[in-house]
Undergrad: 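Okay, handing you the structure first.
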Amino acid sequence: MLDPRSLAERSGEIAESCRRRRSQADVEAAVRLHAEVTARQTELNEANRRRNEHQQAGKRALSPEERQAHAAEGRALKEAVARVETDLAAARARFEAELARLPNFVHPDVPDGGEDDARELSRWGEPPRFDFEPQDHLQIGARLELLDFEAGAKVTGQKWYYLKNEAVLLELALQRYALEVLLQEGFTPYVTPDLARPEIVAGIGFNPRGAETQIYSLADADLCLVGSAEITLGGLYADSLLAEADLPIRAAGISHCFRTEAGAAGRESKGLYRVHQFTKTEMFAVTRPEDSEAMHQRILAIEERIFQGLELPYRVVDIAAGDLGAPAYRKFDIEAWMPGRGAGGSWGEISSASNCTDYQARRLRCRFRRKDGKRNEPVHMLNGTAISNARAILALLEIHQCADGGVRIPEALRPFTGLSKIGPR
RNA sequence: GGAGAGGUGGCCGAGCGGUCGAAGGCGGCGGUCUUGAAAACCGCAGAGCGCGCGAGCGCUCCGGGGGUUCGAAUCCCCCCCUCUCCGCCA
């Protein structure tokens, strides 16, 4: 969420960011409702002050008649407070609903436009030219008995799958490889819960309820299946006051990720590209405000290092304003070349790094104390994919397929898979 | 799942109807001492919100939500969490 007190002052800037994001949020309404809340708050403060004064007066000895009159007046003051409290709660609910709709600011360098307007920043590697007819990952996976979507559908449902044989080794090796890099980069590793409370889920910026939600909820407990370890890592720092010396914090979390993919039907989402469950190793960072942009670049650099190690040709794009999620101030995606995607291959998102500045931190109430600062400030929070396994496996199978029908394992994964090649068979 | 004990400021911990926004300790900040540091001693310092140009004034907060009372950290109810024991289980 945005800083409620700076809404009026920055309303022009916020309106501009809503326009660029194609958000329907109404800054003017939020400003108006905020004024209403503060007016009611002032009223409540005054009513409480009167009540407190009255209570102080009741501490001395009183005659029975005086005591009775005093008690009656006390009850009246209490009712007055209750009335203002009701008004304040209603005003606050209206304000918070409007505030929650306001997205974060947008970094000035973020390109305008929507999904197709991301700006390409760089490329690494070359899309391979096969001297045979390449297959997509579903064909390879079926032929080498690595992926079983039919079993997934039978046992669980559409877009659920089994990993099998060497794909299982790949799944584990990817986690281990990602961790190897992240440990070198100073991250603290975590395996996090796969479930979280709805308040935490909402604090990170996922909407845990409603028709469009990406989040699964349990029927028998007030818990959600996490869509990313971003949720559980961010939750670590909810309701906390950090020392400046604690920052920056770098955490790496491995979790299963669950997504309903409501409304995603019909998108380019064949096979492993869009599934309901996958394993992901996630980076999460907490920084001082002045350090978040440098951290964002560093997270991107780590992602590039990881995909170079996997020998996957990729490009880096700066996501356009209209395609940013509400918490993201700026987002860099890494898109790997996927030969089986579309007709003749195309770029597909494989990794993503977002700087959410103080937007999540404010909602999670995560602040830090400067050495000589007067008031505590919200921290900045960032997240980035180290490796999202389903898509990484997709890309590895398609990029490293060989003429003989086998799949080459890149050097970096060999120590962790114990293999240099899958198949042929 | 059952029984018991608890959840208090950045951390630990006392308080158990008005004298409490809360003792004490640790940690933090400033100072004295020292060539410097440590130790010792002295002092400062909770979080958040509203009003005010400002000095400042006021309000809220003792796990969360209700209730009793003129008055609740303190009494009652519900929920969440932690610990100990038992049960179950990989």
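Predicted, not measured: the structure shown is a model, and the values here were computed from it. Below, chain A is the first sequence line, B the second, and so on; all start at residue 1.
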Undergrad: Describe the nucleic acid contact of A:R5 in one word from base, sugar-phosphate, nothing, applying a heavy-atom distance below 4.0 Å.
TA: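 Sugar-phosphate only.
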
Undergrad: Return one dot-bracket line describing RNA chain B 5' to 3' (Watson-Crick or G-U wobble pairs, both distances under 3.5 Å; ( ) same strand, [ ] crossing, | another strand, . none).
TA: ((((((((.[[[..)..(.....]]].(((((.......))))).((((((....)))))).[[[[[..)....]]]]])))))))....

Undergrad: Is there a side chain to side chain contact (heavy atoms under 4.5 Å, CB included) between A:Y190 and A:I254 once you walk through the steps?
TA: CA-CA 6 Å; A:Y190 289 90; A:I254 299 177; over 6 Å; no

Undergrad: Counting only side-chain N and O atoms of A:R365, is one of them less than 4.0 Å from OP1 or OP2 of B:G48?
TA: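 For A:R365, the contact criterion (side-chain N or O under 4.0 Å from OP1 or OP2 of B:G48) is not met.
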
Undergrad: On RNA chain B, does the nearest nucleotide to A:N48 precede the nearest nucleotide to A:N376 from the 5' side, or the other way round? Give the residue.
TA: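 The answer here is A:N376.
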
Undergrad: If you check the A:K78 side chain, which of B:U69, B:G10, B:C80 turns out closest?
TA: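 Comparing B:U69, B:G10, B:C80 against the side chain of A:K78, the answer is B:U69.
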
Undergrad: Sticking with atom C1', work out how far B:U68 lies from B:C78, rounded to a whole angstrom.
TA: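 The answer is 15 Å between these two C1' atoms.
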
Undergrad: What contact category does A:N52 fall into here, base, sugar-phosphate, or nothing, at under 4.0 angstrom with non-hydrogen atoms?
TA: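 Touches sugar-phosphate only.
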
Undergrad: Is there side-chain contact between A:V226 and A:P193, with at least one heavy-atom pair below 4.5 Å?
TA: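 No, side chains not in contact.
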
Undergrad: What is the distance from CD of A:E85 to C1' of B:G66, rounded to the nearest Å?
TA: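 Result: 13 Å.
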
Undergrad: Look at A:E185 together with A:R305 and state whether they make a salt bridge at an N to O cut-off of under 4.0 Å.
TA: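 A salt bridge links A:E185 with A:R305.
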
Undergrad: Side-chain N or O of A:R51 versus OP1/OP2 of B:G71: is the shortest distance under 4.0 Å?
TA: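 Yes, such a contact exists.
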
Undergrad: Roughly how far, to the nearest 0.5 Å, is the CZ atom of A:F278 from the CG atom of A:N389?
TA: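 Nearest 0.5 Å value for the CG-CZ distance: 9.5 Å.
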
Undergrad: Nearest-Å distance, CG (A:L242) to P (B:A47)?
TA: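 Those two atoms, CG and P, are 14 Å apart.
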
Undergrad: With a 3.5 Å cut-off and no angle check, do the side chains of A:H380 and A:D358 form a donor-acceptor pair?
TA: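 No - no donor-acceptor pair under 3.5 Å links their side chains.
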
Undergrad: Give me the distance, rounded to whole Å, that separates B:G13 from B:G18 when you measure between the C1' atoms they each carry.
TA: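 24 Å, rounded to whole Å.
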
Undergrad: Could you tell me whether the phosphate oxygens of B:G71, OP1 or OP2, come under 4.0 Å of any side-chain nitrogen or oxygen in A:R75?
TA: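 Checking A:R75 against B:G71: no side-chain N or O falls below 4.0 Å of OP1 or OP2.
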
Undergrad: Check A:E36 with A:R94, please: is the shortest side-chain N to carboxylate O separation under 4.0 Å?
TA: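 Salt bridge between A:R94 and A:E36, a charged N being under 4.0 Å from a carboxylate O: yes.
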
Undergrad: Determine: side-chain N/O of A:R369 to OP1/OP2 of B:G46, distance under 4.0 Å, yes or no.
TA: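 No, no such contact exists.
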
Undergrad: If we take the P atom in both B:C85 and B:C20, what is their distance in whole Å?
TA: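 Looking at atom P only, B:C85 and B:C20 are 40 Å apart.
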
Undergrad: Do NZ/NE/NH1/NH2 and the carboxylate oxygens of A:E13 and A:R10 come within less than 4.0 Å?
TA: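 Salt bridge flag = yes for A:R10 with A:E13.
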
Undergrad: Cut-off 3.5 Å, side chains only: do A:Y314 and A:Q308 have a donor facing an acceptor?
TA: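 Side-chain D/A pair, A:Y314 to A:Q308: present.
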
Undergrad: Roughly how far, to the nearest 0.5 Å, is the CD1 atom of A:I302 from the OG1 atom of A:T385?
TA: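 A:T385 OG1 to A:I302 CD1: 12.5 Å, rounded to 0.5 Å.
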
Undergrad: In residues 33-47 of chain A, what residues come within less than 4.0 Å of RNA chain B, judged by heavy atoms?
TA: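 Within residues 33-47 of chain A, the residues near RNA chain B are A:T38, A:Q41, A:T42, A:N45.
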
